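Down below is the structure, laid out as structure tokens.
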Amino acid sequence: MSELDTLKRRFASADFLSFSEKAPGFIAIDVKTAFSTASIALQGAHVMTWQPKGQKPVIWLSKAAKFAPGKSIRGGVPVCWPWFGPHATEAAYPGHGFARTIPWLLVDAWKLPDGRVRLEFEPVMNDAACAMWPHPSLVKNIVTIGQELEVELATTNTGQAPFPLGQALHTYFEIGDINKVEIAGLAGCTYIDKVAGSKRKKQKGTVTFTGETDRVYLGTTGCCGIVDPVLKRTILITSTGSRSTIVWNPWQEKAAKMGDFGNKGEDRMVCVETANAVDDVITLAPGETHRMSAQYRVIKA
């Protein structure tokens, strides 16, 4: 029996779920609630779309996204784990870790009393992943879909020694026009400007966009918002267990080189990432569990 058939049989009573194969070996889960719809790839436990009823999509997925085993997906909510950016010592290891390109298991899925749907995933650690990450640990990705979308990474150190943990929810948001949106809530924060040679700067006012933007804001807490006058809404991002916020848009020239943004796709997206990166990497003690979560909701203008 194929993996797709096994999933259909196992969750046959879950009328809020359906399963499909978007490409050979690439299985997606479609979730339907009274409040919204979402799609999640088993590879990477990767939320690809989320759209509240009566609204435009909130999570952006490139129209040119490629679905293939072992290849990262352009858009959605990629899980960067157990490091963010390049590996600290091994340049050959994949940037942003391996979690987004390996299979994950759907451990459980259930409907909450209020009508939301919750799914719990665990990664399938293949030999290559184990070689890159020798630390005994358990990670879960818990996705809750309703009037809001919540994504939580829970990492437990099951070994006898502490280890460093870098991570991010590399979320792509759908916007009306990158030239007109603003990110509120980061004023006064120190950030690393990766476009300007990793210089450290301080944010003045809201974040606006006039070219390629790649910034790691340090020591952030609470929430921030994507103010979108074109779509007439604010996307509120509320985070816990996170002390870094990454803001990214590749702009036209870099997006064209990547090849999977589609026609002017970079104009309709911005990444605002909940993270623990650079100065804010976590040290996880033996037996300790760290939970990092992000909740997304829409406030109409």
Side-chain angles (χ1 to χ4, degrees), residues 1-11 17 19-29 39-48 61 65-109 119-143 151-171 260 273 275-277 281-282 284 286-292:
M1 184 180 295
S2 70
E3 184 180 10
L4 181 60
D5 290 335
T6 299
L7 284 165
K8 287 180 176 179
R9 177 173 293 186
R10 183 180 165 208
F11 292 98
L17 297 183
F19 301 90
S20 62
E21 201 168 41
K22 295 186 75 69
F26 191 100
I27 294 174
I29 307 165
S39 61
I40 306 168
L42 275 185
Q43 177 175 285
H46 187 136
V47 176
M48 296 187 291
L61 179 67
K66 299 168 184 175
F67 305 113
K71 302 294 183 183
S72 58
I73 306 163
R74 181 64 63 195
V77 188
V79 174
C80 302
W81 186 93
W83 59 84
F84 177 82
H87 190 273
T89 59
E90 300 292 339
Y93 285 3
H96 298 323
F98 50 78
R100 59 186 178 156
T101 57
I102 64 172
W104 289 56
L105 291 175
L106 177 58
V107 177
D108 203 356
L119 297 89
E120 184 176 307
F121 300 87
E122 291 181 3
V124 179
M125 295 288 286
N126 56 31
D127 290 344
C130 290
M132 289 185 280
W133 185 247
H135 308 291
S137 56
L138 174 67
V139 61
K140 295 183 179 182
N141 190 19
I142 303 162
V143 180
V151 184
E152 178 184 80
L153 280 180
T155 305
T156 302
N157 183 341
T158 58
Q160 302 300 313
F163 59 71
L165 175 65
Q167 54 188 344
L169 299 171
H170 195 310
T171 309
D260 57 358
E273 307 169 36
N276 289 298
V281 165
I282 300 294
L284 203 60
E288 185 179 3
T289 296
H290 180 80
R291 296 179 180 274
M292 183 184 78

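Since the model is a prediction, treat every value here as computed from it, not as a measurement.
Taken to the nearest 0.5 Å, the NE2 atom of H290 stands 4.5 Å off from the CG atom of N276. Atom CD in E3 sits 5.5 Å away from atom CG in L42 (nearest 0.5 Å). Remark: F98 CZ to M125 CE distance equals 4.0 Å, nearest 0.5 Å. If you take CG on L165 and NE2 on H135, they are separated by 10.0 Å, rounding to the nearest 0.5 Å. Rounding to the nearest 0.5 Å places CZ of F26 at 10.5 Å from CD of E21. Between N141 atom CG and W81 atom CH2 the span is 11.5 Å, to the nearest 0.5 Å.
Nearest heavy atom pair, residue P78 against residue H46, reads CG-CE1, 3.5 Å. Of all heavy-atom pairs between V281 and P164, the closest is CG1-CB, 4.1 Å. Shortest non-hydrogen contact noted between E273 and A168 is OE1-CB, 4.2 Å. A pairwise comparison of heavy atoms in A109 and L119 identifies CB-CG, 4.1 Å as the closest pair. The nearest pair of heavy atoms linking G159 to P286 is O-CB, 3.4 Å. The two residues V139 and P123 have their closest heavy-atom pair at O-CD, 3.2 Å.
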Steps toward side chain to side chain contact (heavy atoms under 4.5 Å, CB included) verdict (E90, M132) | CA-CA 9 Å; E90 300 292 339; M132 289 185 280; over 6 Å; no
May I have the step-by-step check of side chain to side chain contact (heavy atoms under 4.5 Å, CB included) for F19 and L106, ending in yes or no?
-> CA-CA 12 Å; F19 301 90; L106 177 58; 4.0 Å; yes
L105/V124 under side chain to side chain contact (heavy atoms under 4.5 Å, CB included): CA gap, chis, key distance, verdict | CA-CA 7 Å; L105 291 175; V124 179; 3.7 Å; yes
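Judged by distance alone, the side chain of N157 and the main-chain N or O of A161 form a donor-acceptor pair under 3.5 Å. Listed for the Q43 side chain is no donor-acceptor partner under 3.5 Å among the backbone atoms of I27.
Ring planes of W83 and W133: tilted class, angle from 30 to 60°. Using a 30° and 60° split on the angle between ring planes, H96 and H170 fall in the perpendicular class, above 60°. By the 30° and 60° cut-offs, the orientation of the rings of Y93 relative to H87 is perpendicular.
More than 12 heavy atoms of other residues, nucleotides or ligands sit less than 6.0 Å from atom CG of D5.
The shortest distance between side-chain heavy atoms of I40 and F121 falls below 4.5 Å.
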